[in-house]
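First up is the structure itself, then whatever we jot down about it.
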Amino acid sequence: MVNSMIIPITVPFPKEWGRGDSTHSYLIKRELTILIDAGLDSVDNRTYLRRTLKDLDGLNIDYILVTHGHLDHFGLAGYLQRETGAEILVHELDGPALKDYTKAISWYDEVYDFAVEGGYEPQELEKIRSKLLIAIEMMHCPDTFRTFRELELDLGGCTLKSLALPGHTPGSVGYAFGESIFSGDVAIEGSTVIGEFRQEMNSLQKLKSFKNVFTGHRKTPLTITDIESLETHFVNRLEQVLRTVRGGMKLREVVNSIYGEIPEEIFIRSIIPIRQTLSYLKYLEEEGYVVKKGPLWIAVKESL
Ligand SMILES: [Zn+2]
């Protein structure tokens, strides 16, 4: 019943991003018309999304709900707001990214020092940064948006509620609607980018009370079984990282041993594995499994 009101719209990544990926948006048409997330901003995507929404009789949007402050989820929100007058809503912890797009890649700065110390050349990292900045320059900030800590919208006989799901970003939320939830990038089939490991695992736990988990990328919706496989994947990875650093290793060597050498043209992928590996290592360090001595990460326990 609720599902029949949910219309997925897949917005491709622009060519500049160098991979054939895409972002899922969802149109919900009830008493209110709601769009969950709006993909990356580009000239082509503006035309595409506007035309698609028009065909679905969905241009009378009341709210654009953003799952988290990443460019591939709120990029087109500012454009759509100007076209439709919709109000943009985002959790307060991810709000800063919508005001200043460079904040959407603040994670880059968090990774940078560790990466240089861990054996990456500053020039290589700068190359990745400038490609990320190209994507940002194509975009325009929303004129206005509203932040919330908790959100509840009455959609006529059914309430849509926010659920805090930190881990991918601090302000990641899901929007729960009946047995379904729109969860952005908290869960993606196979793997997802982890900002903070402990929070991510707690958020995955919360997702298991929903029948349909509508994701931001790839397979959608995910089932409870898919979420469980994701949990297993992360725990296995954590163990793999722990085994890998048994004799002490620099970050770059750990990344290569876990992910293999990464082709340069897939630029976004070449920094995400560094970030991901760092999330595992920081968690292992906090939990007392690993210590860091200078550039070396060293396991001090055999297994988890
Ligand atoms: Zn994301």
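Quick caveat, the model's predicted, so the values are computed rather than measured.
Inter-residue side-chain proximity for Arg149 and Ser162 is flagged as unmet; no heavy-atom pair is nearer than 4.5 Å. Residues Ile271 and Trp107 form a side-chain contact, since some pair of their non-hydrogen atoms from C-beta on lies under 4.5 Å apart. Residues Leu35 and Leu65 have side chains not in contact (no heavy-atom distance under 4.5 Å, counting atoms from C-beta outward). Counting heavy atoms from C-beta outward, Ser180 and Phe210 have side chains that stay 4.5 Å or more apart. Side-chain contact between Leu238 and Phe197: present, with at least one pair of heavy atoms (C-beta onward) separated by less than 4.5 Å. Taking the side chain as every heavy atom from C-beta outward, Leu76 and Leu40 never approach each other to under 4.5 Å.
Within a 6.0 Å radius of CZ in Arg82, more than 12 heavy atoms belonging to other residues, nucleotides or ligands are found. Other residues, nucleotides and ligands contribute over 12 non-hydrogen atoms within 6.0 Å of the CD atom of Glu126. Within a 6.0 Å sphere centred on NZ of Lys99, heavy atoms belonging to other residues, nucleotides or ligands number 12 at most.
Although no hydrogens or angles enter the test, the distance criterion places a donor-acceptor pair under 3.5 Å between the side chain of Thr220 and the main chain of Thr215. Glu239 places no side-chain N or O within donor-acceptor distance of the main-chain N or O of Phe234, the cut-off being under 3.5 Å. Checking side-chain atoms of Gln81 against main-chain N and O of Thr144 turns up a donor-acceptor pair under 3.5 Å. At distances below 3.5 Å, at least one donor-acceptor pair connects side-chain atoms of His217 with backbone N or O atoms of Ser22. Judged by distance alone, with hydrogens and angles left aside, the side-chain atoms of Ser279 form a donor-acceptor pair with the main-chain N or O of Gly195 at under 3.5 Å. Remark: side-chain polar atoms of Asn45 are paired, donor with acceptor, to backbone N or O of Pro12 under 3.5 angstrom.
A donor and an acceptor atom, one from each side chain of Asp154 and Thr159, are nowhere located under 3.5 Å apart. Using modelled atom types and a 3.5 Å distance limit, the side chains of Gln240 and Arg237 yield a donor-acceptor pair. If you check the side chains of His24 and Asp37, you find no donor sitting under 3.5 Å from an acceptor. Side chains of Tyr48 and Ser42: no donor on one and acceptor on the other come within 3.5 Å. In the model, His70 has a side-chain atom that pairs as donor or acceptor with a side-chain atom of His168 under 3.5 Å.
Connection of Ile188 to Phe74 is not established within any shared hydrophobic cluster, with ILVMFWY side chains joined at heavy-atom distances below 4.5 Å, either directly or through further cluster members. Follow the hydrophobic side-chain contacts under 4.5 Å out from Ile181 and you never reach Ile224; the two are in separate clusters. Linking ILVMFWY residues whenever their side-chain heavy atoms come closer than 4.5 Å, directly or via other members, places Leu151 and Leu155 in the same cluster. Both Tyr26 and Leu32 belong to a common hydrophobic cluster when Ile, Leu, Val, Met, Phe, Trp and Tyr are linked at side-chain heavy-atom distances under 4.5 angstrom.
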Compile the donor-acceptor pairs under 3.5 Å between side chains in residues 297-304 and protein atoms, sequence neighbours left out, one pair per line.
none

Stepwise salt bridge (Lys or Arg N to Asp or Glu O under 4.0 Å) check, Lys208 with Asp226: CA-CA 10 Å; Lys208 288 196 279 184; Asp226 293 322; over 6 Å; no

Side chain to side chain donor-acceptor pair (under 3.5 Å) assessment of Ser172 paired with Thr169: CA-CA 5 Å; Ser172 279; Thr169 64; 2.7 Å; yes

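Applying the salt bridge (charged side-chain N to carboxylate O under 4.0 Å, His left out) rule to Arg198 yields the partners Glu196, Glu286, Glu287; only residues at least two apart in sequence or on another chain are considered.
When the options Ile88, Thr147, Val173 are evaluated for a side chain to side chain contact (heavy atoms under 4.5 Å, CB included) with Val66, the one that passes is Ile88.
Annotation: Tyr175 is not in aromatic contact with Phe182 [ring centroid separation under 6.0 Å not met].
A salt bridge is absent between Arg218 and Glu189; no separation between the charged side-chain nitrogens and carboxylate oxygens falls under 4.0 Å. Electrostatic pairing of Arg252 and Glu117 does not count as a salt bridge here, judged by no charged N lying under 4.0 Å from a carboxylate O.
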